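Following: one structure in structure tokens, then a few remarks.
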Amino acid sequence: MGKLINEHNANHEKRNTRCDWCLSDPIYIQYHDQEWGKECHDDRVLFEFLILESAQAGLSWLTVLKKRVGYRKAFANFDAKKVAKFDEAKIESLMQFDGIIRNRLKIKSAISNAQIFLSIQKECGSFDAYLYTFMPNNKPIVNKRKSLKDLPVSNVESDAISKDLKKRGFKFFGSTICYAYMQAMGMVNDHLLSCHCY
């Protein structure tokens, strides 16, 4: 009986243990528990996070998460075909919308990135299929991180993906942003070993 109680306590403790980075805000905790690091193969979600991660450049991820609803409204519920057709008038209206980060270069890059995203879908069948051509054996990387200081800011795969996307004309998507994107989309599992999501 004592062994069962100890196992129950250990499991309960593990369920309540999270990666340290998410503990400062309830929005972070919810995002960590429900999305971050979960394998995703849905092109609409992959496009959503392309826009959000690119918007994050130079800012905190929490800032972007707090504006996620605004981004959903501003960017046609992350419909890449619609975003790819945004014109100058739409850019001007987005510059007046305080639900997003009002940076003209980032808004323009979201539109041109959407156009490139669509061309990659056409070329590879899906954006997901394209991304996984860079992954070892076309599978996610499962790391065994013990602490936050073990987390890198990039890896060989993020270098290769960002380099290829840059060659295709992608903006605001260097290797560091690409690695954060890979973590978010579960291409890399960087949950700490102590985390209940691992």
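Bear in mind the structure is a predicted one, so any value in this text is a computation, not a measurement.
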Pair [X] + [Y], salt bridge at N-O below 4.0 Å:
X: Arg44; Y: Asp79; result: no
X: Lys163; Y: Glu157; result: no
X: Lys139; Y: Glu39; result: no

Heavy-atom side-chain proximity of [X] to [Y] below 4.5 angstrom:
X: Ile111; Y: Gln115; result: yes
X: Leu193; Y: Arg145; result: no
X: Ile141; Y: Asn189; result: no
X: Leu192; Y: Asp20; result: yes
X: Lys171; Y: Lys166; result: no
X: Lys73; Y: Ile100; result: no
X: Ile51; Y: Asn113; result: no

Item to check | Ring-ring centroid check Phe49 Phe78, cutoff 6.0 Å | outcome: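 Between Phe78 and Phe49, which both carry aromatic rings, the centre distance is not below 6.0 Å.
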Checklist entry - How about Phe47 and Phe117: are their ring centres within less than 6.0 Å of each other? => result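 Distance test on ring centres: under 6.0 Å, yes.
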Assess the side chains of [X] and [Y]: does a donor N or O sit below 3.5 Å from an acceptor N or O?
X: His191; Y: His196; answer: no
X: Ser112; Y: Ser109; answer: no
X: Ser194; Y: Thr17; answer: no
X: His32; Y: Gln30; answer: no
X: Asp190; Y: Tyr179; answer: yes

Checklist entry - Would you call the rings of Tyr71 and Phe75 parallel, tilted or perpendicular if under 30° counts as parallel and over 60° as perpendicular? => result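 Parallel, since the angle between the ring planes stays under 30°.
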Next on the checklist: With salt bridge (charged side-chain N to carboxylate O under 4.0 Å, His left out) as the criterion, how do Glu35 and Arg68 come out once you've worked through the C-alpha distance, each side chain's angles and the decisive distance to 0.1 Å?
Outcome noted: CA-CA 14 Å; Glu35 293 181 273; Arg68 193 173 180 183; 2.7 Å; yes
Item to check | Under 3.5 Å: donor-acceptor pair, side chain of Asp43, backbone of Ser126 | outcome: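 No, the answer is negative, given that no donor and acceptor are paired below the 3.5 Å cut-off.
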Checklist entry - Are any side-chain N or O atoms of Lys106 and backbone N or O atoms of Ala55, one a donor and one an acceptor, separated by less than 3.5 Å? => result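 Yes; judged by distance alone, with no hydrogens or angles, the pair exists.
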Item to check | Steps toward ring pair (Phe, Tyr, Trp, His ring centres under 6.0 Å) verdict (Trp36, Trp61) | outcome: CA-CA 12 Å; Trp36 193 75; Trp61 183 234; over 10 Å; no
Item to check | Test salt bridge (charged side-chain N to carboxylate O under 4.0 Å, His left out) applied to Asp164 and Arg168, step by step | outcome: CA-CA 6 Å; Asp164 189 71; Arg168 292 168 183 265; 2.8 Å; yes
Next on the checklist: Could you go through Asp159 and Ser154, starting from their C-alpha distance and side-chain angles, then the distance that decides it, and tell me whether this counts as side chain to side chain contact (heavy atoms under 4.5 Å, CB included)?
Outcome noted: CA-CA 7 Å; Asp159 290 347; Ser154 63; 4.0 Å; yes
Checklist entry - So Tyr130 and Phe127, ring pair (Phe, Tyr, Trp, His ring centres under 6.0 Å) or not? Walk me through it. => result CA-CA 5 Å; Tyr130 161 78; Phe127 192 73; 5.5 Å; yes
Sequence neighbours excluded and cut-off under 3.5 Å, please list the side-chain donor-acceptor pairs for residues 81-91, or say none.
unit_1: Asp87; atom_1: OD1; unit_2: Ala89; atom_2: N; d: 3.3
unit_1: Asp87; atom_1: OD1; unit_2: Lys90; atom_2: N; d: 2.9

Next on the checklist: side chain to side chain contact (heavy atoms under 4.5 Å, CB included) for Ser162 and Leu165? Distances and angles first, verdict last.
Outcome noted: CA-CA 5 Å; Ser162 63; Leu165 286 173; 5.7 Å; no
Next on the checklist: Tell me whether the count of non-hydrogen atoms from other residues, nucleotides or ligands lying under 6.0 Å of NZ in Lys38 goes above 12.
Outcome noted: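 For Lys38, atom NZ is crowded (more than 12 foreign heavy atoms under 6.0 Å).
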